[in-house]
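Here is the structure we will look at, set down as structure tokens.
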Amino acid sequence: MMKWMRENVYAAGIWFVLRIYLGLEWTLAGWHKLTGGFDATGFIKGAVAKPVIDKATNELIYPTFTAFLEHFALPNAAIFNTVIPIGELLVGLGLIVGALTTVAAFFGLLMNFMFMLAGTVSTNPWLIMLGGIILLAGTNAGRFGVDYYFTPLLHKLLHKFNKEGHDDHPTPTGTNKRAHA
């Protein structure tokens, strides 16, 4: 199944349609925030005031994330007011044009999980499922997009970089030969 998801041209066509839909969702969300005067302060305050708790024990389920919101996100809400809409817009555009598709899907998933950890369900589970499929499809998800041209260039550049002796794991004698080649 994974081979089909990652290599089949018909699967790439399905991922193209899915990618466009998901990209439009992210782009519209980011655009509305950029043009509509988005302010994350109220959301963050609400997530801190009513964190996700275990109803049986009345304990925080995500205490570390709640502390992050209270002690970092809230004091720096102005940064989040910019980063969230721009991030959503970039994720959406990356998915629509198929540029760095897996990177865009990863950061989309990261934002969806952050929203869910803060206690917001909304469309996040749906977007997580679709984004997870795109991420699993790997570069095949961008086959009908910029990635079709960009990925081979990136591989060529990385191969050239490694071939020129820029090895991150030198041996103790100072040579750049790996023990497990």
Side-chain angles (χ1 to χ4, degrees), residues 2 5-6 14-142 144-147 150-151 154 168:
M2 288 302 293
M5 283 182 75
R6 292 175 168 258
I14 295 169
W15 309 147
F16 171 75
V17 172
L18 182 64
R19 200 184 77 216
I20 297 298
Y21 168 75
L22 192 58
L24 285 171
E25 292 291 319
W26 278 109
T27 302
L28 291 173
W31 182 254
H32 289 301
K33 286 178 178 75
L34 281 173
T35 60
F38 172 72
D39 186 5
T41 307
F43 177 80
I44 297 169
K45 283 181 179 178
V48 170
K50 293 184 180 179
V52 180
I53 60 169
D54 183 334
K55 297 200 187 296
T57 63
N58 218 22
E59 291 181 15
L60 291 176
I61 295 178
Y62 310 115
T64 307
F65 188 72
T66 304
F68 164 77
L69 290 176
E70 184 176 5
H71 300 292
F72 183 78
L74 193 55
N76 297 297
I79 294 170
F80 286 88
N81 291 341
T82 304
V83 170
I84 291 172
I86 290 174
E88 288 181 352
L89 188 67
L90 290 174
V91 165
L93 293 175
L95 290 169
I96 289 171
V97 300
L100 299 172
T101 306
T102 54
V103 173
F106 170 78
F107 281 106
L109 287 168
L110 184 66
M111 283 190 282
N112 284 132
F113 278 113
M114 293 294 165
F115 299 145
M116 287 191 65
L117 290 171
T120 302
V121 176
S122 184
T123 60
N124 290 306
W126 175 246
L127 297 177
I128 286 171
M129 183 185 73
L130 298 178
I133 291 169
I134 295 296
L135 190 64
L136 287 173
T139 57
N140 201 31
F144 299 122
V146 174
D147 283 347
F150 180 70
T151 303
L154 184 62
D168 292 339

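Basis for what follows: all heavy atoms, side chains included, without hydrogens, waters or symmetry-related copies.
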ask   = For the residue pair Leu69 and Pro75, what are the closest heavy atoms and their distance?
value =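 Heavy-atom minimum between the residues: O-CD, 4.4 Å.
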ask   = Of all heavy-atom pairs between Gly131 and Ala105, which one has the smallest distance, and what is that distance?
value =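 Heavy-atom minimum between the residues: O-CB, 3.9 Å.
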Quick one: does [X]'s side chain have a donor or acceptor within less than 3.5 Å of a partner on [Y]'s backbone?
{"X": "Arg6", "Y": "Asn140", "value": "no"}
{"X": "Arg19", "Y": "Ile134", "value": "no"}
{"X": "Trp15", "Y": "Ile133", "value": "no"}

Test applied, side-chain contact (heavy atoms from CB on, under 4.5 Å); reference residue, Leu130; option that passes from Leu109, Asn112, Leu22, Thr123 = Leu22
Let me confirm one number: the [atom1]-[atom2] distance from [X] to [Y], rounded to the nearest 0.5 Å.
{"X": "Ile14", "Y": "Met5", "atom1": "CD1", "atom2": "CE", "result": "10.0 Å"}
{"X": "Tyr62", "Y": "Ile53", "atom1": "OH", "atom2": "CD1", "result": "12.5 Å"}
{"X": "Met114", "Y": "Phe107", "atom1": "CE", "atom2": "CZ", "result": "10.5 Å"}
{"X": "Phe113", "Y": "Ile128", "atom1": "CZ", "atom2": "CD1", "result": "4.0 Å"}
{"X": "Phe72", "Y": "Ile44", "atom1": "CZ", "atom2": "CD1", "result": "10.0 Å"}
{"X": "Leu34", "Y": "Thr27", "atom1": "CG", "atom2": "OG1", "result": "11.0 Å"}

ask   = Tell me, which pairs form a side-chain hydrogen bond (donor to acceptor under 3.5 Å, both in side chains) where one or both residues lie in residues 68-84, sequence neighbours left out?
value =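 side-chain hydrogen bond (donor to acceptor under 3.5 Å, both in side chains) check on residues 68-84 returns Asp39-Asn81.
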Could you pull out every donor-acceptor pair under 3.5 Å between side chains of residues 84-101 and any protein atom, sequence neighbours left out?
from   : atom 1 : to     : atom 2 : distance (Å)
Glu88  : OE1    : Gly30  : N      : 3.3
Glu88  : OE1    : Lys33  : NZ     : 3.1
Glu88  : OE2    : Lys33  : NZ     : 3.4
Thr101 : OG1    : Gly98  : O      : 3.3
Thr101 : OG1    : Asp147 : OD2    : 2.6

ring-ring contact (aromatic ring centres under 6.0 Å, His included) against Phe65, all qualifying residues, sequence neighbours excluded = Phe68
